Chemist: 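To start, I am sharing the structure in question, which I have written as structure tokens.
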Amino acid sequence: MADDADVIVVGGGLAGLVAATEIADAGKRVIVLDQEGEQNLGGQAFWSFGGLFLVDSPEQRRLGIRDSYDLAMQDWSGAAGFDRADDHWPRRWAEAYVGFAAGEKRDWLRAIGHGNSVPRFHVTWGTGPGLLEPFVRRAREAEARRLLTFKFRHRVDALCVTGGTVHGVSGAILEPTEVARGVSSSRHGVGEFALQAGAILIASGGIGGNHALVRQNWPERLGPPPKRMISGVPEHVDGRMIGITEAAGARLINRDRMWHYVEGIENWNPIWPMHGIRILPGPSSMWFDATGRRLPSPLFPGSDTLGQLQYIQSTGHDYSWFILTQAIIKKEFALSGSEQNPDLTGKDWLMTARRAINKGAPAPVEAFKDNGVDFIVRDNLDDLVAAMNGLTGDHLLDVREIRTQIEARDRSMANPYVKDTQMMNIHNARKYIGDRLIRTARPHRILDPAHGPLIAVRLNILTRKTLGGFETDLDGRVFGQQGEIMPGLYAAGEASGFGGGMHGYRSLEGTFLGGCLFSGRNAGRAAAKAVG
């Protein structure tokens, strides 16, 4: 029986789109399957802030930042902590990706469309939707040339394997849906399908929307799994396809490596179940655990996410607190996600410029402050701590202990030679012009009424990314459970740990989207070449 396509791509997110367009550009026929409706084309990248990791870019050089491949690789290796026999290919992927970020990545993207020791986080103009647009456009052009076919609401339930070679997929056709992007959709089947191809490429995403699977894979080194979490991804990011592909013989490595955030807040206007947003904090908020103890150095806002997660879980509670001022929130609080950054997403230069001169916090931040269940605003510390205790019902906070710690921090404002490590970090941040203009508030006393009112923010564990995944070589070819390459099977994006699990234990900011781009490109090109 003739194949239905040269390659079938399972998943219509960023990695799947990149792979599919590379396959079509090679003149091969490709089918893209996705269990969601067409309105979800682009997957998680649509909701992203659009941050990209670039090394020694013109933008860095214009700001006086000295960077290099060697420095970036040093930072990456230090963060990743590769220490397992399974880390051979993840390390190879890391070396290749940093080389990509230091080389052709920027020019390649410009040609298509529009723990770091130095700043490498480059925000895409248009955020996630802006990054997706050229790949969606390329896909639609390939569709018009009849090289690419989208089949939405096609849920893969099994891979077809004969003699160790993967050559097809089968599953259920789900009933049509008109729910908005990200909203949970029906799983009612109205038919079945089976498709054959010369290669199958899995780009189905991770497990962040499946809290049971997150807890099942939770590493002991991070303490007990949280009893309560909120979701940084929609419900359909369920990990089903990872289990299905593993059952077909694929080798899954480092499944206990994951990347969840500790600065999560409940969305007051949710789109998916338990919808959470991450605060992208500047360096000045004081951070307290659930019992009112200040987090130890160097666990400052915006620093070691996994270290913070491990510490918070060691307290026996699943939440922590920021205490800050209105002066800090207006300068330092950004919210991760395209919908929370209308100026950048809408490509509005005037709105973006106002970030540096606005008297108030950005409108989305003010909306959370006014409506979010996790935000408390009061004029004095006694009332603030009382409301914090009231919100959780745990009554763990002692206002005298909180005041003592804040006053100790505030006393350092009178001495330019401070011993408070967080204050040193703040002064260091303000040496970089970008942080001084729009990211770091002028240092001031937390308890100074002139900078009030006081604000407390309850921070929740926010599920997000899967760092482990299918073991692949640099062409995205998937290894079987006995260490052999499985003919016909490829993987890209979060399903393969953004490229062979290249992050190790920890990720540097701005590397998730780039991992989708790089692994999707490699796997798509290799699959197209393999099918002749």
Side-chain angles (χ1 to χ4, degrees), residues 10-17 32-51 124 126-133 135-136 139 150-155 174-188 203-214 229-242 259-261 263-280 334-342 344-346 364 367-368 371-374 460-466 493-495 512-513 516:
V10 182
L14 178 59
L17 281 175
V32 178
L33 305 177
D34 200 293
Q35 68 178 351
E36 296 306 308
E38 188 169 358
Q39 61 272 42
N40 276 286
L41 183 61
Q44 300 322 300
F46 177 88
W47 303 106
S48 75
F49 193 37
T124 305
T127 65
L131 179 63
L132 275 173
E133 188 278 330
F135 296 102
V136 173
F150 285 111
K151 290 185 179 292
F152 299 102
R153 302 296 282 164
H154 280 60
R155 185 189 68 200
L174 305 180
E175 66 180 350
T177 179
E178 295 182 0
V179 300
R181 180 189 288 269
V183 174
S184 300
S185 60
S186 165
R187 290 293 177 263
H188 177 67
S204 55
I207 68 173
N210 185 338
H211 289 193
L213 197 52
V214 169
M229 298 182 285
I230 56 179
S231 292
V233 295
E235 191 175 36
H236 63 250
V237 186
D238 54 15
R240 280 187 74 256
M241 201 63 220
I242 293 176
W259 192 257
H260 307 304
Y261 290 108
E263 311 101 328
I265 51 176
E266 290 186 47
N267 195 337
W268 64 273
N269 188 23
I271 296 171
W272 53 78
M274 297 175 287
H275 187 174
I277 297 291
R278 183 201 174 195
I279 296 171
L280 300 172
L335 299 173
S336 181
S338 56
E339 79 277 25
Q340 303 301 331
N341 293 275
L344 296 170
T345 302
F368 267 86
N371 302 298
V373 67
D374 294 309
N460 308 275
I461 308 300
L462 178 74
T463 65
R464 189 63 72 87
K465 301 298 183 185
T466 310
E494 195 172 352
F512 295 133
L513 293 173
C516 290

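These numbers come from the heavy atoms of this one structure, side chains and all, not from hydrogens, waters or symmetry mates. Just so we're clear, the structure is a prediction, and the values are computed from it rather than from any experiment. We're numbering straight along the sequence, starting at 1.
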Chemist: So, taking the atom named CG in Leu132 and the one named OG in Ser48, what distance separates them when rounded to the nearest 0.5 Å?
Modeler: 7.0 Å
Chemist: Just how far is it from atom CZ of Phe368 to atom CG of Asn269, taken to the nearest 0.5 Å?
Modeler: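 Result: 8.0 Å between the selected atoms.
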Chemist: Examine the side chains of Asp374 and Asn460 and answer whether a donor and an acceptor come within less than 3.5 Å of each other.
Modeler: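 Judged by distance alone, the side chains do pair up.
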Chemist: Show your reasoning for whether side chain to side chain contact (heavy atoms under 4.5 Å, CB included) applies to His154 and Val10.
Modeler: CA-CA 9 Å; His154 280 60; Val10 182; over 6 Å; no
Chemist: Test side chain to side chain contact (heavy atoms under 4.5 Å, CB included) on Phe150 and Asp34 and set out the steps.
Modeler: CA-CA 8 Å; Phe150 285 111; Asp34 200 293; over 6 Å; no
Chemist: Do the non-hydrogen side-chain atoms of Leu462 and Met229 ever get within less than 4.5 Å of each other?
Modeler: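 Sidechains of Met229 and Leu462: no contact.
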Chemist: Taking atom types as modelled, is there a side-chain donor on His236 or Ser185 under 3.5 Å from an acceptor on the other?
Modeler: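 No, Ser185 and His236 have no side-chain donor paired with an acceptor closer than 3.5 Å.
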Chemist: Donor-acceptor pair, distance only, cut-off 3.5 Å: does the side chain of Glu235 make one with the backbone of Trp272?
Modeler: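 Side chain of Glu235 to backbone of Trp272, a donor-acceptor pair under 3.5 Å: no, none is there.
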Chemist: For a 4.5 angstrom cut-off between non-hydrogen side-chain atoms, does Glu263 reach Leu280?
Modeler: no
Chemist: Taking all non-hydrogen atoms of both residues, which atom of Gly239 and which atom of Leu213 are closest, and how far apart?
Modeler: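 Closest approach of Gly239 to Leu213, heavy atoms only: CA-CD2, 4.2 Å.
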Chemist: Go through the steps to decide whether Val32 and Lys151 satisfy the test side chain to side chain contact (heavy atoms under 4.5 Å, CB included), and finish with yes or no.
Modeler: CA-CA 6 Å; Val32 178; Lys151 290 185 179 292; over 6 Å; no
Chemist: Tell me every residue that passes side-chain contact (heavy atoms from CB on, under 4.5 Å) with Glu175, counting only those two or more places apart in sequence or in another chain.
Modeler: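 Once residues adjacent in sequence are excluded, the partners of Glu175 under the side-chain contact (heavy atoms from CB on, under 4.5 Å) criterion are Arg153, Ser186, His188, Val190.
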Chemist: First locate atom CZ of Phe152, then atom CD of Glu38, and finally report the distance between them rounded to the nearest 0.5 Å.
Modeler: 4.5 Å
Chemist: Distance-only, no hydrogens or angles: does the Arg181 side chain make a donor-acceptor pair with backbone N or O of Gln39 under 3.5 Å?
Modeler: yes
Chemist: Can you name the residues that form a side-chain contact (heavy atoms from CB on, under 4.5 Å) with Arg155, not counting sequence neighbours?
Modeler: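 Gln35, Asp157, Ala172, Leu174, Arg187, Arg240.
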Chemist: Residues in side-chain contact (heavy atoms from CB on, under 4.5 Å) with Ala367, at least two apart?
Modeler: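 By the side-chain contact (heavy atoms from CB on, under 4.5 Å) rule, Ala367 matches Trp268, Asn371.
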Chemist: Nearest 0.5 angstrom please: Lys465 NZ to Tyr261 OH, how far?
Modeler: 8.0 Å
Chemist: Kindly write out the residues that satisfy side chain to side chain donor-acceptor pair (under 3.5 Å) with Thr463, not counting sequence neighbours, or none if the list is empty.
Modeler: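 Thr463 satisfies side chain to side chain donor-acceptor pair (under 3.5 Å) with no residue once adjacent residues are dropped.
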Chemist: Check salt bridge (charged side-chain N to carboxylate O under 4.0 Å, His left out) between Glu266 and all other residues, then give those that pass, not counting sequence neighbours.
Modeler: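 So Glu266 forms a salt bridge (charged side-chain N to carboxylate O under 4.0 Å, His left out) with Arg228, Arg458.
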Chemist: Quick one: side-chain contact (heavy atoms from CB on, under 4.5 Å) partners of Pro176, sequence neighbours excluded?
Modeler: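 Counting only residues at least two positions away or on another chain, Pro176 forms no side-chain contact (heavy atoms from CB on, under 4.5 Å).
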Chemist: Between Ser231 and Pro273, is any pair of side-chain heavy atoms under 4.5 Å apart?
Modeler: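 Ser231 vs Pro273: side chains apart.
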Chemist: Would you check if Phe46 and Asn40 make a side-chain contact, meaning some heavy-atom pair closer than 4.5 Å?
Modeler: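 Phe46 vs Asn40: side chains apart.
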Chemist: Taking all heavy atoms of Ile242 and all of Ser204, pick out the closest pair and write down the distance.
Modeler: N-OG, 4.5 Å
Chemist: Atom CG in Leu335, atom CD1 in Ile277: separation rounded to 0.5 Å?
Modeler: 7.0 Å
Chemist: How about Gln44 and Pro234: do any of their side-chain heavy atoms sit closer than 4.5 Å?
Modeler: yes
Chemist: Roughly how far apart are Glu494 CD and Arg464 CZ, rounded to 0.5 Å?
Modeler: 10.0 Å
Chemist: Are Ile265 and Ile279 packed together at the side-chain level, in the sense that at least one heavy-atom pair is separated by less than 4.5 angstrom?
Modeler: yes
Chemist: Between Ile207 and Val237, does a side chain to side chain contact (heavy atoms under 4.5 Å, CB included) hold up when you go through it step by step?
Modeler: CA-CA 6 Å; Ile207 68 173; Val237 186; over 6 Å; no
